[in-house]
Amino acid sequence: MFITGDLPIVAEKQLKKAGFTVKINRNQKQLTKAELISGAKNADAVISLLSNKIDMEVIDCLSKCRVIANYAVGYNNIDLEYARKKNIIVTNTPDVLTDATADIAMGLILAVTRRFYESEKLVRDKKFVGWQPKLLLGSSLQNKTLGIIGAGRIGYATALRAKAFGMKIIYFSRSRNEDFDEKLNAKKVSLPKLMNAADVISLHLPLNERTKNIVNSKMLDLMKSSSVLINTARGEVLNEIHLIKLLKKKKIFGAGFDVYQNEPEINHELLKLENVYLLPHIGSATIEARNQMAEIAAQNVINVLNGKKPITPV
Ligand code: GLV
Ligand code: GLV
C-alpha cells in the first residue's frame with residue numbers, strides 16, 4: 001500500500017494492525033507524476049492527497065491497485081470515470097471535515113467584513129494611537145444576506161453559523177434543500193439573483209465539469225459594491241482573474257480565499273491587495289478532522305482489500 005503524503009499516524013497504525021505493508025512518502029514536497037507512479041505502481045491500494053493528480057496516465061500504471069482512498073472530501077484530482085473503468089474503487093472523507101471547513105468560511109467572513117488584517121497590521125506597525133470613532137470601520141453581519149452557492153453539507157454548516165450571527169440566508173443549488181428551507185428559513189434563488197442580492201457570497205461547490213467557472217465574469221459583475229466573496233471550495237469554480245480586476249477597482253468590498261485556481265501558485269496581483277485574505281488551503285486543518293480523515297481513508301482501504309464494501313465510496 002502506498003500513502004502519498006505524511007498523514008496522521010493513526011492511518012499507518014490501523015493499516016499495519018490489519019496486516020498490510022505500508023510505504024509512505026514522508027517528504028513534505030508534492031510528488032511529481034513520475035514519483036507518484038513509481039511509488040504507486042505495484043501497490044494494492046493508494047491513499048492520495050488532493051494535490052496528487054491521478055489521471056489516465058497514472059491509472060494505467062496502477063497494475064494491482066483496487067482502491068484509491070482520497071484524503072479529502074473533494075475528488076476532482078482523480079479521473080473517476082477512468083478509475084471505474086479499470087475496476088478501481090475511489091473513496092473520499094466526507095462529514096468529518098464539514099465543521100472545520102465551515103469554521104474557516106465563517107472566519108474569513110468575519111476577517112474580511114471586520115478588517116482583521118489591516119487592524120492587526122496597524123498594531124504591529126505601532127500605529128495604534130488610541131481609540132478613535134472612525135478607526136477601521138467594517139460592516140456588520142446582522143440582517144445582511146448570505147448567499148450560499150452549493151447547498152451541501154459544508155454550505156449548510158456555514159449557513160447555520162451565519163444564521164447565529166443574525167444573517168439571512170439565500171442559496172443556489174441544483175435542487176431544493178429542505179434543511180435550508182425549513183431549519184434556516186432560507187430561499188432558493190437563481191445564481192444571478194444570488195450574486196446580485198447577497199452581501200456575502202460563500203462558495204461550497206464540488207469541482208466538476210458542471211461547476212467549473214460557474215461563477216464567471218458575468219456573474220461576478222452582478223455583485224454589489226459593498227459585497228464580499230469567500231471561496232473555501234475549489235479555485236476553478238470561479239473566474240479568479242476577473243475577481244481580481246473587481247477587487248483592484250474596488251468594485252466589491254473584499255474577498256477571502258482558502259483555495260486558488262493554480263494551487264499552490266498564487267496570482268501575484270492577489271498578494272498586493274489589502275481587502276483580501278489568503279489562506280493556504282487549511283479548511284480541514286484541525287487535529288480532530290485530520291485524524292478522522294486518516295481513520296476513514298485507512299478503513300476504506302482495509303475494507304476493500306478484505307473484500308468488503310468501502311465505508312465512503314464516491
Ligand atoms: C479539501 O479541500 C477537501 O476536499 O477535503
Ligand atoms: C469600545 O471599546 C467601547 O467601549 O465602546
Side-chain angles (χ1 to χ4, degrees), residues 3-8 10-11 25 28 30-31 36 46-55 67-80 83 89-109 148-158 161 173 202-215 229-238 240 255-266 270 277-301 310-314:
I3 306 183
T4 69
D6 197 8
L7 262 47
V10 289
N25 165 41
Q28 299 305 317
Q30 291 197 24
L31 291 179
L36 175 61
V46 176
I47 298 184
S48 54
L49 309 185
L50 58 88
S51 46
N52 303 133
K53 194 168 166 53
I54 305 188
D55 56 14
V67 53
I68 300 170
N70 212 34
Y71 186 65
V73 66
Y75 45 85
N76 52 282
N77 55 307
I78 300 171
D79 187 333
L80 190 58
I89 291 171
V90 177
T91 67
N92 68 344
T93 63
D95 300 314
V96 295
L97 46 64
T98 298
D99 285 324
T101 309
D103 287 346
I104 279 289
M106 195 65 222
L108 282 170
I109 293 171
I148 295 278
I149 301 180
R153 290 168 292 234
I154 299 171
Y156 180 75
T158 303
R161 283 156 176 70
S173 76
S202 192
L203 307 183
H204 300 284
L205 296 157
L207 173 64
N208 52 44
E209 279 315 308
R210 190 176 45 77
T211 62
K212 195 170 184 175
N213 196 37
I214 188 169
V215 184
L229 187 136
I230 306 295
N231 190 4
T232 56
R234 286 292 181 269
E236 296 95 321
V237 299
L238 175 78
E240 193 177 279
F257 296 85
D258 190 38
V259 292
Y260 306 87
Q261 207 143 19
N262 297 310
E263 237 170 273
E265 261 147 61
I266 311 285
L270 271 179
Y277 284 74
L278 307 171
L279 302 181
H281 204 148
I282 55 165
S284 67
T286 64
I287 294 162
E288 293 83 357
R290 291 282 165 87
N291 278 332
Q292 291 181 73
M293 290 162 67
E295 281 173 27
I296 291 177
Q299 196 58 53
N300 275 318
V301 167
I311 49 175
T312 53
V314 303

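Start at 1 and go down the list; that is how both ligands and their atoms are numbered.
- Near L97, meaning under 4.0 Å from one of its heavy atoms, ligand 1 places the atoms 5 (O).
- Close approach of ligand 1 to R234 is summarised as follows: ligand atoms under 4.0 Å from at least one heavy atom of the residue are 1 (C), 2 (O), 3 (C), 4 (O).
- Here the shortest heavy-atom pairing between N291 and P8 reads OD1-CB, 3.2 Å.
- Within a 6.0 Å sphere centred on OH of Y260, heavy atoms belonging to other residues, nucleotides or ligands number more than 12.
- Considering all non-hydrogen atoms of both residues, T4 and S48 come closest at OG1-CA, 3.5 Å.
- Residue Y71 has no N or O atom closer than 3.5 Å to an N or O atom of ligand 1.
- Counting protein heavy atoms only, atom 5 (O) of ligand 1 is closest to V73 N, 2.7 Å.
- Per-residue contacts place L50 under 4.0 angstrom from the following atoms of ligand 1 (heavy atoms of the residue considered): 1 (C), 2 (O), 3 (C).
- Minimum heavy-atom separation, G283 to D258: N-OD2, 2.8 Å.
- When non-hydrogen atoms are compared, ligand 1 lies under 4.0 Å from neither the backbone nor the side chain of T93.
- Looking only at heavy atoms of the protein, atom 2 (O) of ligand 1 is closest to H281 NE2, 2.6 Å.
- One finds a salt bridge joining R161 and D99 here, because a Lys/Arg side-chain nitrogen approaches an Asp/Glu carboxylate oxygen to under 4.0 Å.
- Of all the heavy atoms of T101, none lies under 4.0 Å from any atom of ligand 1, so neither backbone nor side chain is involved.
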Check the pair N70, N77 against side-chain hydrogen bond (donor to acceptor under 3.5 Å, both in side chains), reporting the backbone distance first and the verdict last. CA-CA 9 Å; N70 212 34; N77 55 307; 2.9 Å; yes
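- Closest non-hydrogen pair, P313 versus T91, comes out as CA-CG2, 4.0 Å.
- Residue A72 has at least one heavy-atom neighbour below 4.0 Å for each of these atoms of ligand 1: 3 (C), 4 (O), 5 (O).
- The shortest N or O to N or O distance between A233 and ligand 1 is not under 3.5 Å.
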